Peer 1: 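Dumping the structure here so I can ask a few things about it.
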Amino acid sequence: MSITQPERSPGDEVADGARDAGRPEAAVGAFDQAADALIASLPARLRRVTARQARTRDALPDLGGCADDPALSEAAQRVWDAERATALALAAQYRALAALHEFEGEYEDACELDEVETLRAALGLRVTRSAASWRLRDAYQAVNHFPRTLENLESGSMPSAWFQKMLKTSQKLSESSRRDLDAVISTWSTDISPERFFTLLRALIEHLAERESRPDPVVALERTVELLPGAEAGTGTLRITGPIPEILARWKSVDESARAVQAAQRAALRDGTPIPHDPDGVVLETGRALPLTRLRYALIGTAELDVDGVAVPAERFRLNVTVPVLTPLGASDQPGMLDGVTPLPPSMARSLAGSCTVWHRVLTSASSGAFLPLPADRVIPTPAMLEHLRLRNGQCAVPGCTRPTSWASECDHIEECLRGTPGEGGTTEVENLHLLCWQHHLDKTNGLLDPTRLPAQAGKPGRTRWTVGHHGDAVTVLDDLDHASLEMVELLTAAWTGFLRGAHAGSPATSPNSPPEHPTDRRVLTTPVVEEPTMQTQAPPGPPPTATTSHGETPTPRAQLPEPPPEGWGDHGPPPF
């Protein structure tokens, strides 16, 4: 069978020669024969992809209809040059990231075993660990599964958006099918329109997917539950993805239950009987049944999970909402923080503060916002130490990792604790402890991660020096800070300055440059369970004592000020500021 392929320019032959120069001659011939056989088996519209006219930089003004306008023509050509530079840079990044991959085998098999490569990539790209993970995957597949189209990207003939679209839409294919996809697309003309390329790309991917042997395609469908940030402040989204029959069955169960509860609420309102499923009294107050959307949410929240006898460990941490002390008082609009990661609007923070009967007081440094440590001397960390570590690092302490410490973390000694050998090894204190996710804890145990706690400075946040991998890549990470405390100190200092000047404490006043060194309150709201505070409290300094007259009256406090200097007191007023 003869194969009709698009005409190739001399430059294409040179590129082929450079591409195959490093391959054994027999391997190159076998690869080309397999590619020719594959192309011959495809429908005509997928193997004969040519363009009617070339799309070059010089032809761009004519194609864009701006040949008569030199400024527009030049601008269009600059866009062309910028896109070509983007393609070259993307190809270079793929090759650099692929060089970080040391595991011999399929990338999907390696990602569950060793996350040091992901961590190293995250440090180089300056992105989160999750973002670096899929960038590493794309780079591995680009270099190993799409070598021919990657060379087209490096030459600037294939647009970067085309290559990225090919990587994204081919994830459901096997490794061999991706190589076949690469062989076919590398023969296509890059002068075709983007719409035609994307249409043919989808058709080719579906064609290759149908050729793969899949005994049960339903089993291969994605089944995931993800927590995502919501569209509005203070909200989150729980996204459940799965086969549509399973999702529809669960939806119908929740929906029918919600409709039954709604009908029962309407009947109770009509008959004057107790209202079901109204713990907040909203139905009784409004005289209307709850909408179905809210009832579905309430029913999902009260559903029990069947874990088939598996023992679920008790939670080690409270679900903390940390709120600046002035926010519940209405004197500040600083947001609260849910588990040190998710910001909450001040109105929601005040609502949570009013519904809780137990508050836990947390002390932070007034000058830096660092959480003040608690000393301890034992092998097993105390609950107070664990709580402090979770406040100090709301996520896994490894740089770039975004797994929350309140969910699935493990407490680890930075310098190993040698049990049974008193006086040797690391001590069990907050400066020698951190919380890690189980994957990075395993990497540290295997010697792939080596943290070193740097000497702490008084009133300053702690620092940890991390050595990543066997190559000695190092990065220093600062502990999390309570930034709202710094602003609260400024507000309190401004109010005190106004008080010393005889003005109302709430009037505007210029804050000093050096706030007083004293711990600052943060209120941590928890569920109404009576328990001892996890940290010692310290009363903040109060106003200076006032004098009393012989008649028992308290005069207006008046500061004893020295003579003003010739240049005046300045913006901050008289001493002590």
Side-chain angles (χ1 to χ4, degrees), residues 93-144 316 341 379-381 386 389-390 392-419 421 424-455 462-480:
Q93 186 182 92
Y94 282 149
R95 292 205 180 275
L97 286 172
L100 295 177
H101 187 69
E102 300 174 348
F103 182 82
E104 295 295 335
E106 191 66 12
Y107 178 81
E108 287 78 1
D109 300 331
C111 63
E112 294 296 334
L113 302 178
D114 183 7
E115 289 202 346
V116 175
E117 296 165 0
T118 305
L119 179 58
R120 191 182 292 114
L123 295 176
L125 294 171
R126 304 180 71 178
V127 298
T128 62
R129 180 198 55 81
S130 58
S133 178
W134 62 262
R135 297 272 284 270
L136 261 179
R137 179 204 62 195
D138 287 350
Y140 177 86
Q141 294 178 358
V143 173
N144 296 277
R316 294 184 298 165
V341 177
V379 175
I380 301 176
L386 292 176
L389 293 175
R390 195 192 63 76
R392 194 178 72 183
N393 291 104
Q395 298 170 329
C396 173
V398 173
C401 184
T402 56
R403 296 186 179 97
T405 55
S406 59
W407 293 354
S409 62
E410 299 176 355
C411 188
D412 172 67
H413 287 77
I414 297 177
E415 181 183 353
E416 297 301 331
C417 177
L418 303 179
R419 300 190 181 187
T421 55
E424 298 184 11
T427 58
T428 304
E429 58 181 356
V430 291
E431 282 301 304
N432 191 44
L433 296 173
H434 55 192
L435 297 176
L436 306 177
C437 65
W438 71 268
Q439 290 94 332
H440 287 137
H441 192 182
L442 181 61
D443 288 337
K444 177 181 177 294
T445 303
N446 293 333
L448 298 175
L449 297 172
D450 185 17
T452 302
R453 190 68 174 173
L454 301 180
R463 300 174 299 159
T464 304
R465 184 78 169 175
W466 287 88
T467 302
V468 181
H470 300 295
H471 302 290
D473 303 318
V475 63
T476 300
V477 180
L478 292 177
D479 295 341
D480 291 346

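Computed from a prediction, not measured in an experiment: that's the story for all the values here. Keep in mind that the numbers below use all heavy atoms, side chains included, and drop hydrogens, waters and symmetry copies.
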Peer 1: State yes or no: are the ring centers of H440 and W466 separated by less than 6.0 Å?
Peer 2: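 No, the ring centres sit 6.0 Å or more apart.
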Peer 1: Nearest heavy-atom pair of P451 and T464: which atoms, and what distance?
Peer 2: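 Closest pair (atom of P451, atom of T464, distance): CB-CG2, 3.9 Å.
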Peer 1: State the CD-SG distance between Q439 and C401, to the nearest 0.5 angstrom.
Peer 2: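 Taking CD in Q439 and SG in C401, the distance rounds to 7.5 Å.
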Peer 1: Rounded to the nearest 0.5 Å, how far does CG of D412 lie from CG of L449?
Peer 2: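 That separation rounds to 10.0 Å.
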Peer 1: Once side-chain contact (heavy atoms from CB on, under 4.5 Å) is applied, do any residues pair with T128, and if so which ones, sequence neighbours excluded?
Peer 2: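 Only S130, A131, T402 meet the side-chain contact (heavy atoms from CB on, under 4.5 Å) criterion with T128.
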Peer 1: Is the shortest heavy-atom distance from the side chain of K444 to the side chain of V398 under 4.5 Å?
Peer 2: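 Sidechains of V398 and K444: no contact.
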Peer 1: Do the side chain of T476 and the main chain of R463 share a donor and acceptor less than 3.5 angstrom apart?
Peer 2: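 No, T476 side chain to R463 backbone: no donor-acceptor pair under 3.5 Å.
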Peer 1: Mind checking side-chain contact (heavy atoms from CB on, under 4.5 Å) for T452 and listing every partner two or more places apart, or none if nothing turns up?
Peer 2: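 So T452 forms a side-chain contact (heavy atoms from CB on, under 4.5 Å) with R465.
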Peer 1: Output the distance between atom OG1 (T405) and atom CG (L389), rounded to the nearest 0.5 Å.
Peer 2: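 That separation rounds to 9.0 Å.
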Peer 1: In Å, rounded to the nearest 0.5 Å, how long is the span from CD1 of I414 to CG of L436?
Peer 2: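 Here the interatomic distance stands at 8.5 Å.
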Peer 1: Using the side-chain hydrogen bond (donor to acceptor under 3.5 Å, both in side chains) criterion, which residues pair with D479? Sequence neighbours excluded.
Peer 2: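 side-chain hydrogen bond (donor to acceptor under 3.5 Å, both in side chains) list for D479, sorted by chain: R453.
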Peer 1: Rounded to the nearest 0.5 Å, what's the gap from CZ on R135 to CG on L97? Could you check?
Peer 2: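 One finds 7.0 Å between CZ of R135 and CG of L97.
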Peer 1: How long is the straight-line distance from OG1 of T445 back to CD of E410, given to the nearest 0.5 Å?
Peer 2: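 Here the rounded value is 8.5 Å.
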